[in-house]
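Letters A, B, ... mirror the listed sequences (proteins, then strands); counts begin at 1. Given the structure is predicted, the values throughout are model-derived calculations rather than measurements.
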Amino acid sequence: MDAELLLHLYRQMVLIRRFEEAAAKAYTQGKIRGFLHLYIGQEAVAVGALSAAAQTDYVVATYREHAHYLARTGDTRGAMAELFGKATGCAGGRGGSMHFYSAADRFLGGWAIVGGHVPIAAGVAFASKYRGEPDVTLCFFGDGTANMGAFHEGLALASVWRLPVVFICENNQYAMGTPLYRTLTVEDVAVRARGYPMECAIVNGDDVLEMREATRQAVERARKGGVPFFLEAKTYRFRGHSMADPAKYRTKEEVQQWRNRDPIMLLGQRIEALGIATPERLKELDAEAVAEVQDAVAFADASPEPEPDSVMRHVYVD
Amino acid sequence: MDAELLLHLYRQMVLIRRFEEAAAKAYTQGKIRGFLHLYIGQEAVAVGALSAAAQTDYVVATYREHAHYLARTGDTRGAMAELFGKATGCAGGRGGSMHFYSAADRFLGGWAIVGGHVPIAAGVAFASKYRGEPDVTLCFFGDGTANMGAFHEGLALASVWRLPVVFICENNQYAMGTPLYRTLTVEDVAVRARGYPMECAIVNGDDVLEMREATRQAVERARKGGVPFFLEAKTYRFRGHSMADPAKYRTKEEVQQWRNRDPIMLLGQRIEALGIATPERLKELDAEAVAEVQDAVAFADASPEPEPDSVMRHVYVD
Amino acid sequence: MSTEPRTLAFREALREAMVEEMERDGSIFLMGEEVGHYNGAYKVSEGMLERFGERRVVDTPIAEAGFAGVGIGAAMVGLRPIIEFMTWNFSLVAYDQLVSNAAKLRYMSNGQFTLPIVFRGPGGAAHGVAAQHSQALESIYAHIPGLKVVVPATPADAKGLLKAAIRDDNPVLFMESELMYGMKGPVPEGEHVVPLGVADTKRPGRDVTIVTWGKMLHVSLAAAAQLAEEGIEAEVIDLRSIRPLDAEAVFASIRKTHRCVIVQEGWPFAGVAAEIAARIVEHVFDELDHPPVRVTSLDVPHPYAKNLEALVLPDAARVSATVREIVPHRGG
Amino acid sequence: MSTEPRTLAFREALREAMVEEMERDGSIFLMGEEVGHYNGAYKVSEGMLERFGERRVVDTPIAEAGFAGVGIGAAMVGLRPIIEFMTWNFSLVAYDQLVSNAAKLRYMSNGQFTLPIVFRGPGGAAHGVAAQHSQALESIYAHIPGLKVVVPATPADAKGLLKAAIRDDNPVLFMESELMYGMKGPVPEGEHVVPLGVADTKRPGRDVTIVTWGKMLHVSLAAAAQLAEEGIEAEVIDLRSIRPLDAEAVFASIRKTHRCVIVQEGWPFAGVAAEIAARIVEHVFDELDHPPVRVTSLDVPHPYAKNLEALVLPDAARVSATVREIVPHRGG
Ligand SMILES: Cc1ncc(C[n+]2csc(CCOP(=O)(O)OP(=O)(O)O)c2C)c(N)n1
Ligand SMILES: Cc1ncc(C[n+]2csc(CCOP(=O)(O)OP(=O)(O)O)c2C)c(N)n1
Ligand SMILES: [Mg+2]
Ligand SMILES: [Mg+2]
């Protein structure tokens with residue numbers, strides 16, 4: 001077991017957790033507006049997946065993308081400033097929580113129309129294939145996306161054109177207030193992939209190492225085999241759909257059940273069991289994450305709003 | 001073997017064949033404008049399917065719907081007049097070849113956006129279920145429709161809501177100039193149905209009796225079981241996609257191969273083999289069909305154009 | 001007959017309209033994402049599942065094109081669906097269903113089919129939800145013959161117009177606003193139906209006509225209040241329905257004021273405001289002492305940042321400033 | 001530099017633009033239904049598969065939303081896609097991709113991404129293809145900030161504008177016409193680029209300004225010819241691109257003629273013609289001797305019957321009649 005790797009994954013997951021907890025706090029203080037969709041409980045999916053991909057592989061995500069952005073870029077300041085709607089944000093304050101971007105890090109958003117980004121991810125993979133480049137595109141979306149036409153068309157085109165894209169379904173059991181079983185009459189979302197047909201795998205999304213290994217294989221298959229791959233990660237969001245959602249549609253027991261497999265807790269236990277780090281060391285790492293997030297909040301607070309007379313910029317290329 | 005039934009099916013198929021041959025002629029004479037999509041070669045699908053459904057079951061079809069309309073209504077005059085753009089047409093001359101309707105006969109069109117009518121058919125079935133009525137909806141579409149988002153959403157909703165609809169894929173091997181293998185990486189369109197999941201069957205669409213029996217079972221399953229069913233009929237269109245298409249993308253050999261299983265010829269041979277009718281009798285039936293079509297053409301020719309000052313009518317309910 | 005009014009929130013008025021109509025007619029049902037068990041993403045349908053059951057209050061998967069089509073099919077054979085889009089932004093994936101199918105079926109079938117269907121949900125900008133969630137889309141729908149487009153601005157109109165929309169035998173697109181759901185106002189009990197296509201003068205005035213609808217009514221009324229203090233009496237006309245459009249009400253007011261400002265939340269280019277300006281000059285050109293002026297959202301995707309967002313949307317200050325430019329200074 | 005012109009059909013001019021640009025830049029590819037092996041539903045791309053191979057001339061399944069999205073994704077990372085819609089009617093199922101994604105990405109990302117993509121295909125009514133296949137849709141796209149909309153009317157402009165569109169770093173929607181593909185005209189060889197946003201006076205005149213674009217240019221020119229025989233000199237302005245809109249060219253002409261008729265194939269309500277009328281009165285009101293008048297398609301889904309179809313679309317007779325009504329009778 002690679003000690004450095006485990007500690008690295010742990011750091012990332014904790015950083016993301018603390019980042020979003022701080023964001024939730026700022027939201028209640030009115031510093032963040034609009035929709036805020038937290039990833040708390042799902043951290044192993046984004047962290048495991050992105051740790052298995054190359055930095056040069058493309059990432060296309062949804063409105064629930066803070067984790068993916070941080071796992072790819074580590075840019076806590078730019079992320080928090082974006083949430084605060086500041087000029088220093090990763091989208092200059094224009095995008096907000098749902099629209100993070102970093103072209104330099106090949107982080108391609110941040111899309112908020114369910115399913116709409118799936119064909120876009122296929123298109124990014126199309127470009128890699130067109131240019132004969134080795135890059136793979138990772139496309140994240142939720143379980144509730146499986147009934148959208150754009151999901152179907154994106155998978156169908158990726159399949160018929162053999163595009164190097166890994167579709168990662170973050171099955172957190174719910175689409176807003178709707179449990180998956182009410183909208184999907186098949187057991188797993190992955191079943192849908194078979195009809196294209198597309199290779200697929202189902203993985204425990206709360207085990208960061210399992211997530212990492214499954215993604216490694218999927219990315220390699222896409223890169224070497226030039227085929228799309230469908231990965232379904234079973235996970236759970238601890239919070240509501242967004243800050244506006246009290247999530248009354250779930251029982252305390254159900255939530256507790258999943259909290260018992262909190263991906264950060266699980267990884268921490270493993271690290272301790274393997275003697276890689278002591279509980280104290282892990283607490284230190286946590287404290288470092290908290291400090292980094294505090295710095296990001298301070299940075300965001302101190303940052304200026306976008307220039308009023310920039311409002312019309314970037315509608316078109318000047 | 002029910003002799004009357006076989007002769008009835010034969011009559012319908014021949015009538016449809018002669019009707020469309022006459023339409024093709026009228027098109028070259030400029031009496032019919034726009035797109036004219038012929039069903040020649042596929043007659044067994046519509047005739048077999050509709051002969052197995054009740055007159056009270058709903059029919060939703062595409063722009064290639066002359067056969068379905070005639071099999072359901074027998075209204076050669078209204079159909080030809082519609083092609084001629086006359087006031088006496090089944091859509092008053094407003095719809096043309098792609099938009100036949102007969103509310104009285106529960107023939108619900110005539111839709112020309114690929115896939116767009118699939119959710120509509122699910123909605124008609126939703127209404128039957130809502131009202132506790134026994135009616136089943138038959139929805140026809142082509143093989144090229146399987147990659148459309150609306151197709152996916154229509155099947156997904158029919159499945160999750162258990163709607164009494166039979167989806168009939170008329171797999172004529174081509175979507176315009178595109179052979180199916182170039183856009184579908186699975187052998188059969190029916191494979192896609194499994195992902196919803198939906199019961200499905202694959203049938204020889206050139207054998208009217210096989211088509212009829214498969215549809216009978218599908219409709220019964222939908223009516224009694226209250227579930228959607230997916231039927232894939234393998235067939236072939238002898239002509240181009242529309243009158244504008246010379247169909248150069250197919251070899252003579254391929255076309256001949258399929259002409260050798262011309263559904264009308266096959267049924268005629270069976271009828272003769274069973275001693276149900278002599279070749280002469282079949283020729284008489286054919287002559288009767290030709291006469292009926294000639295009458296329809298004469299009727300259409302003699303019919304008036306729509307009233308010019310009716311042009312703004314029916315945009316809204318008055 | 002309306003009896004004496006009580007105060008309801010906008011969302012309650014909408015709910016009351018749906019509940020009363022559904023009690024009256026069993027062929028009406030409500031379908032959409034989270035309308036049932038979740039009681040509505042914005043709680044408009046709160047309690048309706050409990051009241052009517054899963055048969056008539058139908059939760060859908062996320063598949064707008066699919067369930068919009070389902071509604072059209074159900075309406076073709078005589079049901080009267082109310083299809084809720086969680087927001088109108090998401091109707092764009094169903095645009096083809098509304099434009100190619102709902103708007104055209106009756107005409108294509110020579111009147112053989114009737115589509116008594118309502119598509120409703122909130123539209124326009126909420127607070128800080130950025131470009132993909134902040135679109136006022138009435139213009140791209142009102143452009144299409146065969147559709148009706150209604151935009152209520154008060155709780156009373158919300159109830160009355162929604163009842164009229166549900167009873168209408170044509171496809172009616174009904175556009176609400178997240179930001180107005182909590183707004184309270186008097187709402188007549190029981191039978192209160194506001195006919196589609198009839199504008200309402202929400203404030204009388206002699207100096208200038210402000211034509212608006214939806215959320216912008218309140219911006220316009222605020223501007224009118226400011227202007228009144230300066231001695232400028234603005235007449236504020238709430239169109240209420242965009243299609244059919246009560247142009248006569250606009251013309252009549254202009255014959256009195258000879259000046260007109262059109263206030264629209266959406267984008268300017270080929271928007272409803274442009275249609276109104278064009279109609280005005282086509283019909284009452286000689287009545288105008290000044291050309292009609294449009295006050296609209298800036299021509300830009302909606303930004304997230306609070307300060308930019310404030311610049312993009314029309315506000316009372318912008319409306320009054322525009323009015324001041326075209327009305328000769330009087331009094332004070 | 002353009003050398004001396006030769007005559008090409010409209011579709012050949014479009015093809016030449018694509019071929020020349022694809023020869024110049026390997027990042028450009030053509031994608032759409034039947035563009036390759038079938039050589040194009042309307043033969044615009046004839047021979048291009050043979051010339052460039054399957055890598056750069058890509059046949060698609062029927063999945064407009066899907067391949068529009070693929071084009072957007074490919075453009076995000078630096079390719080320059082030309083996405084063909086077999087007709088613009090079918091773009092409606094991809095409307096969300098164009099409006100929510102293509103139009104907004106650059107702004108939402110604060111300029112981090114550039115979308116050099118062209119969506120093209122024929123639009124408007126052909127002959128007898130009925131309601132679902134006969135829509136002129138420029139208005140519902142031009143309404144959206146972030147998109148450019150171009151509508152060529154001659155073979156020369158078709159080549160020059162398409163080259164400009166392909167070289168443009170923004171999403172450009174390029175609307176052609178089935179009925180014009182066979183139209184022949186002089187087309188400069190080689191480097192012939194017509195900048196977007198520059199209108200062209202296709203016929204000079206002093207008495208009235210006719211503003212139009214696309215197929216309606218030819219209807220307007222026919223009307224102008226009739227009118228000339230009656231001594232009325234109409235100036236015919238071809239906008240060529242709707243967004244950006246060369247309003248100055250329109251204003252300049254009106255300063256000369258003081259009268260304006262806008263001829264548009266599409267529906268009237270909140271159409272581009274309404275935008276032009278509104279702009280005119282906002283900017284050159286005092287120059288007008290008569291309010292701008294719109295000549296458009298009737299406000300109705302497009303019928304199949306030949307006689308009804310003829311009533312619905314603007315024709316030269318309707319345009320000239322409209323002009324006669326607003327121009328004081330002179331001469332003869
Ligand atoms: C086309 C569309 N319809 C509806 C919405 C509103 N909406 C946003 S997120 C969401 C639920 C998505 O669930 P899922 O795909 O499981 O992702 P999760 O939020 O669970 O991560 C809905 C309905 C939307 N953004 N886009
Ligand atoms: C959304 C959409 N895209 C494209 C078209 C143009 N088109 C009409 S029919 C057709 C081929 C359909 O093939 P298939 O579904 O196999 O039906 P078939 O014509 O073979 O009966 C195409 C591409 C359309 N009408 N609608
Ligand atoms: Mg989910
Ligand atoms: Mg086919």
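- Contacts of D:Gln97 with chain A are made by side-chain atoms alone, with heavy-atom separations under 4.5 Å and no backbone atom involved.
- When each of A:Ala150, A:Pro306, A:Gly123, A:Ala103 is scored by its heavy-atom pairs under 4.5 Å with chain D, the top score falls to A:Gly123.
- Contacts of D:Leu115 with chain A are absent, with no heavy-atom separation under 4.5 Å from either backbone or side chain.
- The nearest pair of heavy atoms linking D:Leu161 to D:Pro195 is CD2-O, 4.0 Å.
- Centroid-to-centroid, the aromatic rings of D:Phe29 and A:Phe126 come within less than 6.0 Å.
- Residue A:Val317 touches chain D through both its backbone and its side chain, counting heavy-atom pairs closer than 4.5 Å.
- Annotation for D:Gln264 and D:Val272: closest pair OE1-N, 3.1 Å, computed over non-hydrogen atoms.
- Looking at A:Val311, the atoms closer than 4.5 Å to chain D (heavy atoms on both sides) sit in the backbone and in the side chain alike.
- Interface remark: of the candidates D:Glu64, D:Lys104, D:Met31, D:Met31 forms the most heavy-atom pairs closer than 4.5 Å to chain A.
- Classification of the A:Phe141-A:Phe151 ring pair by plane angle, with boundaries at 30° and 60°, yields perpendicular.
- Using a 4.5 Å cut-off between heavy atoms, A:Leu108 touches chain D through backbone and side chain atoms alike.
- Panel note: side chain A:Arg64, backbone A:Tyr39; no donor-acceptor pair is recorded below 3.5 Å.
- Contacts of D:Asp96 with chain A are made by side-chain atoms alone, with heavy-atom separations under 4.5 Å and no backbone atom involved.
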Side-chain donor-acceptor distances from residues 91-102 of chain A under 3.5 Å, at least two apart:
residue	atom	partner	partner atom	Å
A:Arg94	NH2	A:Ser310	O	2.5
A:Arg94	NH2	A:Arg313	O	3.0
A:Ser97	OG	A:His66	NE2	2.8
A:His99	ND1	A:Gly110	O	3.0
A:Tyr101	OH	A:Gly110	O	3.4
A:Ser102	OG	A:Asp105	N	3.3
A:Ser102	OG	A:Asp105	OD2	2.6

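- Looking at D:Ile144, the atoms closer than 4.5 Å to chain A (heavy atoms on both sides) all sit in the backbone: N, CA, C or O.
- Under the 30°/60° scheme for interplanar angles, the aromatic rings of A:His37 and A:His241 are found to stand perpendicular.
- Residue contact with chain A, scored on non-hydrogen atoms closer than 4.5 Å, involves the backbone and the side chain of D:Lys148 alike.
- Side-chain atoms of A:Tyr63 and A:Ser242 form no donor-acceptor pair, as typed in the model, at a separation below 3.5 Å.
- For chain A, the nearby part of D:Val58 is the side chain; its heavy atoms alone come within less than 4.5 Å.
- Taking the ring centroids of D:Phe85 and D:Phe90, they lie at or beyond the 6.0 Å cut-off.
- Both the backbone and the side chain of D:Met108 come within contact range of chain A, with heavy atoms under 4.5 Å apart.
- Proximity to chain A is limited to the backbone of D:Ser27, based on heavy atoms less than 4.5 angstrom apart.
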